[in-house]
Each structure stands twice: as structure tokens, then as C-alpha cells.
Amino acid sequence: MIPEKFRNYMFNENDFMPDDYHSEDEEKEKLVKKLVLLISDDIQLHSVKDVSCNDPDFWLLDTLLNKEQIRLMLSFKKKRVVKLSIEEIAKRNEMTVEHAKEVADSICEIGLLEFDYETKDHSRQYFVPKFVVGSGEYMMMSSKVTEEHPEVATFFNYASSVPVGKVAHMVPPGGGGLGMHVIPVEKAINTNPQAVSVEKISHWLNKYDKYCLDVCSCRRQQRIRGEGAGDIEDYYCIAVGDMADFLVETHKDARYATYDEVMEVLEISEKKGYVHQITNLDGENKIVGICNCSNTTCNALRTSQLFNTPNMSASAYRAHVDRTKCAACGKCVEVCPVGAAKLGQKLCLQNGLYVEYPKSELPDDVKWSPAKWNKNYREDAKINTYDTGTAPCKGACPAHLSVQAYIKMAADGRYDEALRLIKQDNPLPAVCGAVCNRRCEDRCTRGTVDQPVAIDEIKKFIAAQEINAEKRYVPECGNGIGKMYGDEYKIAVIGAGPAGLSAAYYLRLNGYPVTVFEKEQEPGGMLRYGIPSFRLDRTVIDAEIEVIKEMGAEFRFGVNVGSDVTLDELRAQGYKAFFVAIGMQAGRKIGIPNEELAESGVEFLKRTNADHGKLLSGKTIVIGGGNVAIDVARTALRAGADTVEMYCLEGPDEMPAAKDEIAEAKEEGIIIKNCWGPKEILAENGVVKGIVLKQCTQVYDRNGRFSPLYDENETKTVACDHVILSVGQAAVWGDLLKGTKAEVRGNGTIVADPITLQTGEPDIFAGGDIQHGARFAIDAIADGREGYVSIHRYVHPGQGLTIGRDLRTFNELDRDNIRVETYDNAQRQVPGMKPGDAARTYDDMRLTFTEAQVRAEANRCLKCGLSVVDQNRCIGCGLCTTRCEFDAIHLERDMPAASNMYVGEEGKLKAILPYAAKREIRILTKKNR
């Protein structure tokens, strides 16, 4: 049986774990128990020599083999070391050679017997492999075996964890020949004079002249168990030499490959953040394969991460950061498979010292037990910052742009690279450069010294390249080895606003065929129809959408999903999932007399965006105090109003509108009256004549909830010709959700999981304003990315929506506990304006920074953040070096002993037992001290 401590840590309800398994054949039961002792990797089982029918080793062999096959395997007599020709097997089993070959080959096809051609005449010889690395992988590589016996996935999960879990803490650096071993990205060590040949993939590829690609066993295992984390099984593993022949000839899911095809897989794997590992079973002169592993699915990496014993996996190298070069982009953190790299701070504390970061505890001289294990290793690997925090701009931005890094690039004149960096996290940077509410600047540490860095203006300058078709950055799209997914993975995005555009971008970027359905005739949603062009020029919207079109996303305009086509009809057309991002398209009602004579702010902006003519006259009253209300008031002036007054519930310091937009409105002559709410619209013969307002005495209650109170006796009447209500937005669902299990809240927003964005209907995901209420474009853009992550996992069976998911949480450093001694004392740069009367034109009169301004402003950055590596946790894969754009992180050969390679049993004698003995002495010495 599987010990309880292991059940709690690495098995789930999908696993096959019988408590009363028994063989139907008494004779077969005895034979199976003998075979278990021949094959099993479980040291404890060998020591007690008592095999239970509930042991996975037993029920697996009993299920997969018949008695004839078992007897043939028992004829090898000694544990694994014996290699026999088919003639010898036939003789030992009193069979004809032909029949012996038939039986032996049938066992090879299952995966419980192996062969190679390491004989003088290159003839085939058979042997009994280990369960792991060995039979476990071979069985999982056969879709025929796993489809007929899905319980094999449970066995592979068991065999790759439970036996080694009992000894993992006693294993020396390099793994002592127990299994797999990390081999670094070769570019990361090519210039290191200490590097030796066995540490380079090129050495092993050049050693062999035959390769095959095979489907990853671990990814398949986790898919069957429902434990996948979005790393889809594909031809990521590389077998070399005789192993390539074995896999192909025994009909595993494998195919021969050329050297160039193998190199392509290795390059794609590095781009996707997969760790290279080689087998460490046969000494320094032989490997059988190179794997490209994901920490969320790989069993070999799990042995080091779950048990907190990195010796099991780590290479001879450890990553080190040059703090003088690091710009805290966080890309090394994102790609680090084990969470060794995290973001911290570069600034010193008030006491003049740098933050000291903790190191992971190792079992080198400490008693180890399940209390030291880490069941949540996959999730912990995605913790992005230390508790003490990092640069505040990173966390304040909903999309978590690498602000410090692109500012550094701008300071160095690396504008193209800065744009590519930004678009990893924000596909609409030019749009945001025009309309972002700049939360990064609100938290900028420089603001505690004088004024925040003009982050958004720097981004706006960088993103201006998007307007010029020749300089646009159109990223390469693809899902990995298969390049692009086919129509069997079609995704529908409903709504072409910022959330929908972002989802389409990331879906297409990662290889999905995506169609965006938009009921209007042009894309952009509220960007186009709800923001005036003097704030967001239409050429900016068009340019960034054009990039998404060039990536291959399809757009269908004038299609109202729910009436023109239903979700069921789209499902029948082959769409596998839906991302609903229809926004809040209507104005909210407030329930006052004659309200029907007022126009909503949303409808007014849509009307004026389509027609820049004279639509108003006389005096216009705008009700509301947010950014949309400011836009409405400024647009009313341009639409012909003689005067515009705004009335809002909030006091001057409570207004939700951005301070700079309030200032711009006042500069244009708009009058803002605070602490007043509408009571009644006055009319004669259906024509607006004025509005009655009542004084607001409280907007929010003591818990910060919107709960306005009024003095009904304190009123005033204002004569006017038009009233525009801009007090919030409402949803217009139509029949979109008809017949689904998706639920809608009282305020019109859809109920969805806050992390996965999945609704009550499993194939419907939702983001943007329709999911959380009216916010900003950057919030919707962030939702689009998360929508992609969830949809990618959803459309592939067996993938969990939250397992090993990067929640993109970035703690902010303590701005009250820093010492800033030296910095560029230049004042904040201010962008220029085009000549002309800004209050009467729909043109955006704001200029971008000049290049000189960009460099001057970029140098004001205090460079708060820093990547920090915990060398005790680092496995030396080198992936971090592939992401760094600043040459700030390198591998150093700190643990040369980790490159020692052993032959199976030899490793136990020469490496594991001596290390375990020395470790025990260290523990006793430490205890005595």
C-alpha cells in the first residue's frame, strides 16, 4: 500500500489506490510477488521482502502481464543487471526462439522489458529495466497502454516519488545515479572555462548519430490524473542511440528525428521555459535521453522540489545576479522553474544596510521528515517577490509591466527592445500611453522624494512606434512543437474592447485560432466609442488592432452574439471556449423624475465619436465625478455647448476622476460643483428646462461602501438646456447567456471566479468591466491575459485551472524604510502641447516627450527593484540567463561534484552511502554542539 504520508502529498481522487486488491489466480499471485522483488525500486520493500496485493508494484504487474510473460521475466533471475539474447531467453524458458521472441517483444511493447544493441555483432539483447527511469516512462509513452490501463498513470506517479522519497534527503549533489539530472542551457556556460563536456548538450548529441522524439511521459501522466498545469504533452523528449530504436520499434509514441529537428525542439523548449535534463544511470559515457521538463509536471524535478532536496536534480551550476546591472524586469523570476529567483529591492534600508534575504533549508546536516516537504512546491515556485517587496510600480500596475526595466532601456536608447518587453505584458501600450490612470506613478518611490517618474509618458514615447507600420512589433506566434493549433481548438472572443483584444492577442500569440465577434462595425469597444478622440486618437487604436490582425486573429463585425448567432450555434461550428468581454455598454439609471429626457454619458460619447458636428447649444449640465464624466463635460464643449457645469456627490478630494483630467477640464472653462446630487429634471412639453439638485452630506459609509446621504431641504435649481447623466455604466446582455448556467449579479456583471475568470458555464470565461464593473483599460487588458491562461488549460483535458498558476502578485517594498542618498535631481519632465485651442478641437493636442526628455526622465528612476537568487533552491538550469536583457544574471560552477555520473548500483556504493554516512555524522555533531 501507499504510505499515508505519501498519499497526502502526491495523490488525488483520480488515482487508483485500492485497499482490497487481490489476484484472481493464486499461482499468478505468487509469481507476481517474486517479480515485484526483481523489479521494484522500493528499498524498504526489499528489506522486508513482504509484498502486499495492494502495493502498486503488485497490481500493476498483475494487471498488465499474463503468467507466461511473468515467467519469462523471472528467468532473468538477477535484478536488472543480466542482459540476455533471445536464444538464451528461449533456452531458459524451454521455448522456441520464435515464441520466446514473440513473448519478449510483447512485454517490450508494454514497456516492462527493454533491449539494446550493445553487442559485438550489434544483435539485440534484452534486460529488465528499472521502474524509474525505465518501465514507468515506457508504459506512459504508449497511448495504447494508457488508454487501456489509465491506472498506469497512478503507478508512474507512485514509482517516481514514493521509493525515492524515502531516501531523497540522503542523496549527494548530482543524484548519485538515481535518475535524471539537470543540464544547463549551453549558451549559459559556453564561456565558462571550468565547464566540462558532460555538462553540455552538444557533447551528447555529437556522441550519438541516431535520435527520436517521443511524447513526454510526465505530461501525459499528469493529464490522465487531472493534475496538468497547462504544459501539454507533445514530442518534447529526445531519445538517443539504441533507446531511439527501442522506442520506435516497440511502437511507443515516438518518431525518428534529424539533428536539426532535435535542435529545434531544444530551442523551442528554452523559449517555453522548459528545463533540459539528461539520464544519469549509466556513467559518464552514456545517456539514453534528453528531456525538456516543466516543473509543474515533471516527476524528476518533483523529487527535488517536493522533498526539498535539490541534490536530486540540480546541475553543477548556480545563478548569481550582478546587482549593478539588474533592472528588475522579473523575467528571470517568471521563467525560474523552482522559484529560486524572486524580486527584492536594490535600495538600502534606513539603517544603511541592504535587505538580507533568506536561504532555503537543506538536508545536508538536518534531520529530514515530511514536515520539511513542500506539498505546494508548484504554487510556491510562482511566488514572485520576497515578503519585503520590490519596486512599487511593478505591483501597482494591474498588468505588472516591467516598468523599471523598460525605463532603463529607454535611458539607453533601446526603444525597440523596450517595446518588445512592454508587449509581453500589455498588447496595447500606445492606447495605455494615452488613457492609463497611472497607478504605477501613484506608488512610485521617487514620489516620496519630489515627484514621481513620468512613467506613462516614457511608455507613450516607446509605444509611439506602433503608429508607424514599418516599426511595429508583431510577435511570432506558435504553441511550441506543433507551431499552431488547428480548428479543433477554435476560440471565440465576444467583444472587441480592451479585454477582448488582449485575450485575442495572447490566444493568437500562443497558437490558437481565434475569432473576435463584435456587434459594432469597428473594433475597440469603449476605447473607440466611449473615449473622446482628443484623449485617444483613432489612429492609435487602429494601429494596435492592426498588429492583432497581422498575427492572424479573425474579426467579425456587426454580429450580436445571442441574436445573430447563439452560443450553441458557435459550439456546433467547433468553438471550444468563449471569452465574454462585452463591457458595460449603457448608462446607469438613477430613478429621478423626467430622467428619460436626459442622455447617458455613454450614449453621448458614442454619438459624438461618430459625429463631430454641432450637437448641443446653450447650457449643459453633467452629473457625475469620474473620468467618464470629465470626458463627457469636455466633449460637450466641443459639441457646441456654450457653458458646461459638472455636479457630483463627492467633495473635491473624493472625486474619482484623475487630478490631471480635472485640471484640464477646469482649464477649458468647465465649472465643477461638489457635494450635489440630482433630485429632479425640470421640463416643459418634453423639453429640458433645468435641474433640481440636493446637497450630499455623505458619499461613503464608515466601511468605505458607496452609501450617499442627502439633506433634502438644501436644494437648488439650475436652469439648463441639456442634462447628461454620467453616474455609472450598465450591462446590455440581450440573449447572449440564454440557456447557459452563467449567473448575472444584480448590478449586471457576470459571476466568475476571480482568478480563473470561469463562469457557471464551464466553457464561458469573462473579463473586463462586464466581470468586475467599470474600471480602466489596463484592468481589462490584464483580464484578457488571464482569460487566455484559463482557456488554454480548459480546452486541453486533464489540466487544472489553478495548479502551479502564476497569480502575478508583487509585494511593494516599504517606502517608509528606505534611504535614498544619491540620485539624479532633475525635475520631472512635462510634455508639450500642439498649438491651437484645445477646448474646441477633437484632435489630441498632447505631444509625446522628445528623445532628450525621455532620457532625462528615465534617469530620474531610483531603480528600486532587484532580482535575488536563492542558491540553495537554484537547480542551475540557466533558463534565467535566456530571459535577461541586461546581462545581469550568470551561472557559476559552484557545485562541481554535481556533474559526477554513476552506473546504477555503483552510485549507491560510491556516492549515496558515503554521503549518507557523512551527513549522519554532521547531524550528530551539530546536535552535540
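Throughout, residue positions are numbered sequentially from 1 according to the sequence presented.
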Full working for ring-ring contact (aromatic ring centres under 6.0 Å, His included) between Phe579 and Tyr788 = CA-CA 8 Å; Phe579 186 71; Tyr788 148 70; over 10 Å; no
request  = Please answer whether the main-chain N or O of Asn479 pairs with a side-chain N or O of Lys272 as donor and acceptor at a distance below 3.5 Å.
outcome  = yes
message = Between Asp231 and Thr297, is there a side-chain donor-acceptor contact under 3.5 Å, judged purely by atom types and distance?
response = no
query = What is the distance from atom CG of Leu509 to atom NZ of Lys423, rounded to the nearest 0.5 Å?
reply = 10.0 Å
request  = Provide the closest heavy-atom pair for Gly530 versus Leu605 in the form atom of the first, atom of the second, distance.
outcome  = O-CD1, 3.1 Å
query = Do Val333 and Thr385 have side chains that get closer than 4.5 Å, going by heavy atoms?
reply = no
Distance-only polar pair, side chains of Thr515 and Tyr575, donor-acceptor under 3.5 Å = yes
task = Could you please spell out the steps behind the ring-ring contact (aromatic ring centres under 6.0 Å, His included) verdict for Phe461 and Phe849?
result = CA-CA 6 Å; Phe461 174 89; Phe849 275 169; 8.1 Å; no
query = Hey, does the side chain of Glu441 reach the backbone of Ile455 with a donor-acceptor pair shorter than 3.5 angstrom?
reply = yes
query = What distance do Ser269 atom OG and Leu879 atom CG have between them, rounded to the nearest 0.5 Å?
reply = 9.5 Å
query = When you check the side-chain N and O atoms of Lys490 and Gln573, is any donor under 3.5 Å from an acceptor?
reply = no
ask   = Hey, are Arg438 and Glu457 close enough for a salt bridge, meaning a charged N less than 4.0 Å from a carboxylate O?
value = yes
request  = State, without any angle test, whether Asp806 and Asn384 hold a side-chain donor-acceptor pair at a distance under 3.5 Å.
outcome  = yes
task = Show your reasoning for whether salt bridge (Lys or Arg N to Asp or Glu O under 4.0 Å) applies to Lys325 and Asp887.
result = CA-CA 7 Å; Lys325 294 181 177 179; Asp887 192 34; 3.2 Å; yes
inquiry  = We want to know whether Ser533 and Asp844 form a side-chain donor-acceptor pair, criterion being a heavy-atom distance below 3.5 angstrom.
reply    = no
ask   = Do NZ/NE/NH1/NH2 and the carboxylate oxygens of Asp456 and Lys460 come within less than 4.0 Å?
value = no
query = Between Arg528 and Arg538, is there a donor-acceptor pair closer than 3.5 Å when you use the side chain of the first and the backbone of the second?
reply = no
ask   = Under 30°, 30 to 60°, or over 60°: which ring-plane class applies to Tyr274 and Tyr236, parallel, tilted or perpendicular?
value = perpendicular
query = For the side chain of Gln799 and the backbone of His792, is there at least one donor-acceptor N/O pair under 3.5 Å apart?
reply = no
task = Working to the nearest 0.5 Å, report the span between OG1 of Thr445 and NZ of Lys863.
result = 12.5 Å
